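Report on the following structure.
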Amino acid sequence: MHKSNGEIYAHKQESYPDDPSKRTDREDELVHQARLYAKWHVYQQRDYDTLTPRQNPDRIAATLATIREMSDEEFERHFRTLYQQFKSYGDAGVGRPIELEDAIPANRSVIYKQNVSLDADLNEIRGFHEEFAQGATEFATAVIDRLQAAGVFETLAEKLAGLIDSSGSETSYSTEQWQHGEEFRSFGIEHVSEPYYMYHRSDKPARTVGGDDDSDREPDTIIEVIPTPAVADSLDVFRAFLVHHLLCQIRDTYIGMGLEPPAPYRLLGAGIHQYTLKYKHFNMYPEYFDTKADIDGYGYY
C-alpha cells in the first residue's frame, strides 16, 4: 500500500486475514514465523539488536559453550542447587533446597528455571552459533551417547508425557568422552540467578514462583527443565543434560522462524518451554520435544 506520492507505508496480502482474531492457529503461527524471520534477517544483515535473547541462537550457543567449557568447580558453584533439587526426586534422603507450593496439582510437574547472563556484549557473540555449529555435530553425538548411557531419555520421555498431556543408575562413562575433545570459544559468566519454578494450572494462567532476580539486564538464556532423577546420578550427567537442553533451545529458535535448523541442532528433546507446548498442541508441528518421536532427520544421530 502506498501514498499518492508513491511512498510505501504498509504491506498487504490476501493469503490470510489481516485481523488476527479471524486467522486459524496455523495462519497466526505462520505470521509469527515471518515476523521472527524478518527480525533475524535484520539482526544478521544490519547488526541491529532486533531479537529478544530467548529468540537469538547466538546468545544460547554462547551460553551453552560457556557451561560446557567451565571447570567442574565453577559449574558446581552455579548449578549445585538445581542439581540437588533434581537429586531429591530420586533419593528421599536428599534435602530439597526449593520447597514447592502445596497448590501444585498432583498430576502436574514443575518446570525449573535459572537465568544465565554472560560477561560479553552482543558484538562479541554475534554469529557465534554458526562458529559453534562447525564443530558441534561430533560433540552433540557424544552428549547424547552420555545421556543414553545414563538412561536419561527413557525417564525424560515419561516425564514430558505427564507434563504435556496434563495442560537410571550411575555408569562408568567418562566425562572425557563428551566434555573434552573439540574445544569451543567460551565467555565469562556475569550472573546466574537462583533456581525458581513454574507450573501449569487447569483454570488459571501458569504460575511462576521465585525468579526475583537482582540483575539489571535481561538474561542471555533461561534454562527451563523438568525434574528428571536419572540426570542427577552425577554432576557430569547433569551438565550433559543442561547442554542437551540448550542444543534443543537453539533448534527451537530456528523452527520458530520457519527454518530447518543446522544439522547439530536437529535432535529431539525439550528446549524452550513455549515451543514444547506448541509442538504438542499445534498440528502443524511434529513433536520435537519427544525423545521417542520418529521425525525424518532428527534423533540421536
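Here the structure is a predicted model, which is why all the values come from computation and not from measurement.
Two residues are said to be in side-chain contact when any heavy atoms from C-beta on lie closer than 4.5 Å; P261 and I255 meet this criterion. Using a 4.5 Å cut-off on side-chain heavy atoms (C-beta onward), H244 and L147 make contact. The shortest side-chain heavy-atom distance between N115 and V192 does not fall under the 4.5 Å cut-off. Looking at P195 and K113, their side chains never come closer than 4.5 Å, going by heavy atoms from C-beta outward. By the 4.5 Å heavy-atom criterion applied to side chains, Y112 and M198 are not counted as neighbours. Side chains of T253 and P57 form a contact here, defined as non-hydrogen atoms less than 4.5 Å apart. Under the 4.5 Å side-chain criterion, counting only non-hydrogen atoms from C-beta, D72 is not in contact with L235. You'll find the side chain of L247 stays beyond 4.5 Å of the side chain of P264, heavy atoms only.
Grouping the Ile, Leu, Val, Met, Phe, Trp and Tyr side chains by contacts below 4.5 angstrom, directly or via other members, places I125 apart from V42. When the side chains of ILVMFWY residues are joined at heavy-atom separations under 4.5 Å, either directly or via intervening members, I222 and L277 end up in two distinct hydrophobic clusters. Follow the hydrophobic side-chain contacts under 4.5 Å out from V225 and you never reach V94; the two are in separate clusters. M284 is connected to L36 through a chain of hydrophobic side-chain contacts under 4.5 Å among Ile, Leu, Val, Met, Phe, Trp and Tyr, so both are in one cluster. Y43 and Y48 sit in two unconnected hydrophobic clusters of ILVMFWY residues. Membership requires side-chain heavy atoms under 4.5 Å apart, directly or through other members.
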Test ring pair (Phe, Tyr, Trp, His ring centres under 6.0 Å) on Y37 and W40; report intermediate values, then the result.
CA-CA 5 Å; Y37 179 76; W40 169 245; 8.2 Å; no

Worked check of side chain to side chain contact (heavy atoms under 4.5 Å, CB included) between L122 and N56:
CA-CA 10 Å; L122 190 57; N56 191 327; 4.0 Å; yes

Show, in sequence, the C-alpha distance, side-chain angles and deciding distance for H245 and H273, and conclude whether the ring pair (Phe, Tyr, Trp, His ring centres under 6.0 Å) test is met.
CA-CA 10 Å; H245 166 64; H273 183 64; 10.0 Å; no

Kindly determine whether E224 and R54 satisfy salt bridge (Lys or Arg N to Asp or Glu O under 4.0 Å), including the steps that lead there.
CA-CA 11 Å; E224 298 178 305; R54 301 300 322 273; 3.2 Å; yes

Under the salt bridge (Lys or Arg N to Asp or Glu O under 4.0 Å) rule, what do R96 and D91 come out as? Steps first, then yes or no, please.
CA-CA 10 Å; R96 182 166 289 180; D91 185 345; over 6 Å; no

When you look at E29 and Y285, which way does the side-chain hydrogen bond (donor to acceptor under 3.5 Å, both in side chains) test go after all the steps?
CA-CA 10 Å; E29 186 67 6; Y285 289 119; 2.6 Å; yes

One pair to check against side chain to side chain contact (heavy atoms under 4.5 Å, CB included): Y196 and Q114. What are the steps and the verdict?
CA-CA 6 Å; Y196 57 104; Q114 198 158 5; 5.6 Å; no

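Inspection of the D290 and Y279 side chains reveals no N or O donor paired with an N or O acceptor under 3.5 Å. Y288 and D252 form no side-chain donor-acceptor contact under 3.5 Å, judged by distance and modelled atom types alone. Checked by atom type, the side-chain pair T221/T63 shows a donor-acceptor distance below 3.5 Å. For the 3.5 Å distance criterion, the side chains of Q55 and T52 qualify, holding a donor opposite an acceptor. With hydrogens and angles left out, the side-chain atoms of Y197 and Q85 include no donor and acceptor closer than 3.5 Å.
Considering all non-hydrogen atoms of both residues, L118 and A62 come closest at CD1-CB, 3.6 Å. Pairing each heavy atom of L246 with each of I60, the nearest pair is O-CG2, 3.6 Å. P219 approaches S117 most closely through the heavy-atom pair CA-OG, 3.4 Å. Taking every heavy atom of both residues into account, Y89 and P229 meet most closely at CB-CG, 3.8 Å. Summarising the geometry of I189 relative to M70, their closest heavy-atom pair is CG1-CE, 3.9 Å, with the distance given to 0.1 Å. Pairing each heavy atom of R251 with each of G271, the nearest pair is NH2-N, 3.8 Å.
Going from atom OG1 of T50 over to atom CD of Q44 covers 9.5 Å, rounded to the nearest 0.5 Å. One finds the OG atom of S109 at 8.5 Å from the CD1 atom of I104 (value rounded to the nearest 0.5 Å). Taking OG1 from T137 and OH from Y265, the interatomic distance works out to 8.5 Å, rounded to the nearest 0.5 Å. Put simply, NZ on K39 and CG on D49 are 11.0 Å apart, with the number rounded to the nearest 0.5 Å. Within the model, atoms CG of L64 and CZ of F128 stand 8.5 Å from one another, a figure rounded to the nearest 0.5 Å.
At least one donor-acceptor pair closer than 3.5 Å links the side chain of D58 to the backbone N or O of G127. Remark: the backbone N or O of V231 is not paired with any side-chain donor or acceptor of T228 at under 3.5 angstrom. With hydrogens and angles disregarded, no donor-acceptor distance shorter than 3.5 Å links the side chain of Q249 to the backbone of I272. When atom types are taken as modelled, the side chain of H200 and the backbone of V110 share no donor-acceptor pair closer than 3.5 angstrom. Judged purely by atom type and a 3.5 angstrom limit, R146 has no side-chain atom pairing as donor or acceptor with the backbone of A240.
Proximity of the aromatic rings of F289 and Y275 is defined here by a centroid distance below 6.0 angstrom, and this criterion is not met.
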Please table the atom pairs, donor to acceptor, closer than 3.5 Å between any side-chain atom in residues 74-83 and protein atoms at least two apart or in another chain.
unit_1, atom_1, unit_2, atom_2, d
E76, OE2, R80, NH1, 3.1
Y83, OH, A232, O, 3.1

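Ring planes of Y254 and H129: tilted class, angle from 30 to 60°. F184 and F132 have tilted rings, their planes meeting at an angle from 30° to 60° on a 0 to 90° scale. Aromatic ring pairs are classed by plane angle as parallel below 30°, tilted from 30° to 60° and perpendicular above 60°; the pair F238 and F86 is perpendicular.
A salt bridge does not link R266 with D296: every distance from a Lys NZ or Arg NE/NH1/NH2 to an Asp or Glu carboxylate oxygen is 4.0 Å or more. Using a cutoff of 4.0 Å between basic side-chain nitrogens and carboxylate oxygens, R185 and E69 are not scored as salt-bridged.
In this structure, D121 places its CG atom where more than 12 heavy-atom neighbours from other residues, nucleotides or ligands lie under 6.0 Å away.
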